[in-house]
Amino acid sequence: MENLALSDKKPRTAITPTREDDFPEWFQQVIKAADMAENSPVRGCMTIKPYGYALWENIVGIFDPQLKEYGIQNCSFPLLIPVSFLAKEAEHVDGFAKECAVVTHHRLKADGKGGLEPASPLEEPYVVRPTSETIIGEAMSRWIQSYRDLPMKLNQWGSVLRWEMRTRMFLRTSEFFWHEGHCAFEDNAGAVKDCLTILDMYERFFEDYLAFSGYKGIKTADERFPGADDTYAFEAMMQDGKALQAATTHNLGTNFAKSCGIKYQSKSGEETLAHTTSWAFSSRVIGAILMIHADDDGAIMPPRVAPQQIVILPVLKDDAVTPKIMEYCDTLAKDLKAQGYRVKLDDRDMRTPDKMWDAVKRGIPLRVEVGQREMEEGTVTHVRRDIGRDSKTAAPLAEFKSGVGAILDAIHDNLLEKSRSFTRDNTVEGKSVGDIDAHFKSGKIGFVKVPLEVLDDPAYEKVRSEYGLSSRVKPFEDEGRTVLVARAY
RNA sequence: CGGAACGUGGCGCAGCCUGGUAGCGCACUUGGAUGGGGUCCAAGGGGUCGGAGGUUCGAAUCCUCUCGUUCCGACCA
């Protein structure tokens, strides 16, 4: 049938709309198509589904041992924080008071209308932790007495709650998962070194496991953590050119030591304030993974943290040979698992193309197809998710099994390199407010790097608010002389 | 907290203006033909139309109130 109108159209994508058509909506659809999470009945909070949570578990499972290697000890502090604790540090309160959920009662009673209402008011209300500096500070003030107790390096994995005005799955939800490191040192040098070391660990982790790169640097004063002397950050660029702060480390100076009473007796016997730090990355990095790697056919999981690294797809037609193909697949799956890979043999009773698209949308890095042909030849057909059908390759079984690692590494390298070049290609240097204005006025995306003084130009504020810009970081590479300006999540 | 919209099977929507007892697509179930990048045909199951009140012989539809959600701003890992 002649259909010129249709034949000119782009090929059908698994995700509608495409990134180009509507990036925020595309992002939501990618999450849905990959079956990672959904909005919950609780305002601003999401339900992370098994496939999404498996990704987080892999992230935790890799990063946690790295923290321990650095000397971190894990612990757990209460979810609830007495209001008086939060009130101790002035800037900290200013920063977080507005977004705290407050627990004012315990116990429920019948309201006489078939529902329940809070019964007994608490003497002192609690806030649900928006972050744990104050309650960990209280503990540190008792645990630290002597310089011999320092450095103290603690971390907890958990979730926190911030009553956000506007939420988006993985990027900004009221409750989010994270780890929060809290350390105390004798002096500022120790605290600074901690911030920089951890920031480097974050960068290594993001590049080596999540396959994205970004800029390390120091935040400008207005972007600093409430209560910190300095905030360091890792800023990554999403495919729409917006910045996403993927991790931060904070040098809290002696601010929390003062307000919480974290003091130690030095070697010479003087009572001295400790220098503390805190640092974190959150489940937001999952948003980053998607917004950096995913394409118009859905998620692309970085191989080293992918919930499933390899999917085996049996291609079945003839009932008579089905058991033999399944046995072939089963053996392959066992062999690959024995090598330590996360393998899914998709034996669901579904049409093969549907299973294939499911694997595509979930972003499983490597797909293996096994039908009668492969079984008889002793081969497999494999396809890389990051390249697609053009990478379809037939390989002898033994060769494939010994080469899987190299293929997954190649996928990782490709994703990282794409992230690197995209970030580089969309970072431009400017010298003035006019350069920033011209860049975004022309419809370009990404980061503009300008000399730090540009932020002090009275004309900057107008441009900043017109394009919704903010200063992201003063990148280390320019030793604080420049600042990256961008739209941000 | 300002400005706008929307609540109808699991999901996405139409119906409302001009009241007559609920429909479409996807998903799901069953059967058959298919089967290596989204196949086709046929038969099915599933809904107190957000809630309360009112007008009416009769309300998803009209009126009043209420609850909730989303989007746009200010705030943010």
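Naming: A, B, ... by sequence-line order, numbering from 1 per chain.
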Starting at CH2 of A:W56 and ending at C1' of B:rA77, how long is that distance when rounded to a whole Å?
-> 11 Å
Encode nucleotides 35-40 of chain B as B, S and - characters from 5' to 3', where the letter depends on protein heavy atoms closer than 4.0 Å: B to the base, S only to sugar-phosphate, - to neither.
-> BBBBB-
Whole angstrom is fine here: how far is it from CZ in A:R168 over to C1' in B:rC72?
-> 12 Å
Send over the distance from A:Q245 CD to B:rC75 P, rounded to a whole Å.
-> 16 Å
Considering only the P atoms, how many Å lie between B:rG58 and B:rG53, rounded to the nearest integer?
-> 15 Å
Pairing nucleotide - B:rG12, Watson-Crick or G-U, each distance under 3.5 Å | B:rC24
P-based separation of B:rG10 from B:rU48 [nearest Å] | 9 Å
For the pair made of CG in A:D35 and C1' in B:rA27, what is the distance, rounded to whole Å?
-> 13 Å
Can you tell me the distance, in whole Å, between the CG atom of A:L161 and the P atom of B:rC75?
-> 21 Å
When rounded to the nearest Å, what value does the distance between P atoms of B:rG19 and B:rG2 take?
-> 36 Å
Nucleotide paired to B:rG7 in any strand shown, Watson-Crick or G-U, under 3.5 Å = B:rC67
Separation of atom CD in A:E223 from atom P in B:rC75, rounded to whole Å = 10 Å
Closest approach of A:R472 to A:S470 (non-hydrogen atoms, all atoms of both residues) = NH1-OG, 2.7 Å
Between atom OG of A:S213 and atom CD1 of A:I292, what is the distance when rounded to the nearest 0.5 Å?
-> 8.0 Å
Distance, P atom - from B:rU61 to B:rG51, rounded to whole angstrom = 10 Å
How far, in whole Å, is B:rU18 from B:rA42 if one measures between their C1' atoms?
-> 39 Å
May I ask which nucleotide in the shown strands pairs with B:rC40, Watson-Crick or G-U wobble, both distances under 3.5 Å?
-> B:rG32
For B:rU61, which nucleotide is its Watson-Crick or G-U wobble mate, given both distances must be under 3.5 Å?
-> none
On a whole-Å scale, what distance lies between the C1' atoms belonging to B:rC72 and B:rC16?
-> 27 Å
pair_partner(B:rG2), Watson-Crick or wobble, both distances < 3.5 Å, evaluates to B:rC72
Heavy-atom side-chain contact between A:T131 and A:H92 under 4.5 Å | yes
On a heavy-atom basis, the closest approach of A:A280 and A:Y202 is N-OH, 3.0 Å
Report the distance from atom CD1 of A:I198 to atom C1' of B:rA77, rounded to the nearest whole Å.
-> 17 Å
Within-4.5 Å side-chain heavy-atom neighbours: A:R129 and A:T134 | no
Testing A:E223, A:K219, A:R284 for side chain to side chain donor-acceptor pair (under 3.5 Å) with A:Q245, which one passes?
-> A:K219
Pick base, sugar-phosphate or nothing for A:L244, based on heavy-atom distances below 4.0 Å to the nucleic acid.
-> nothing
Base, sugar-phosphate alone, or nothing: which one does A:S282 contact when heavy atoms must sit under 4.0 Å apart?
-> base
For B:rA77, what is the paired nucleotide under Watson-Crick or G-U wobble rules, both distances under 3.5 Å?
-> none
Which value, in whole Å, describes the distance between the P atoms of nucleotides B:rG15 and B:rG7?
-> 10 Å
Please report, rounded to the nearest Å, how far the P atom of B:rC1 is from the CD atom of A:E164.
-> 17 Å
Worked verdict on A:R204 versus A:E207 for salt bridge (Lys or Arg N to Asp or Glu O under 4.0 Å) = CA-CA 5 Å; A:R204 281 271 65 73; A:E207 292 194 347; 3.2 Å; yes
Phosphate OP1/OP2 of B:rC72 contacted by A:R166 side-chain N/O (<4.0 Å) | yes
Below 4.0 angstrom, N of the basic side chain to O of the carboxylate: do A:K216 and A:D200 qualify?
-> yes
How would you label the contact of A:T173 with the nucleic acid (heavy atoms, under 4.0 Å): base, sugar-phosphate, or nothing?
-> base
Considering heavy-atom distances to RNA chain B, does A:F170 or A:S465 have its closest nucleotide positioned more toward the 5' end?
-> A:S465
In this structure, which one of A:E374, A:K392, A:E369 forms a side chain to side chain donor-acceptor pair (under 3.5 Å) with A:T381?
-> A:E374
Could you work out the separation of B:rG23 and B:rG9 based on their P atoms and round it to a whole Å?
-> 14 Å
Minimum-distance nucleotide to A:K32 side chain [options: B:rC11, B:rC75, B:rA77] | B:rC11
Give none if B:rG45 has no partner; otherwise give the nucleotide forming a Watson-Crick or G-U wobble pair with it, both distances under 3.5 Å.
-> none
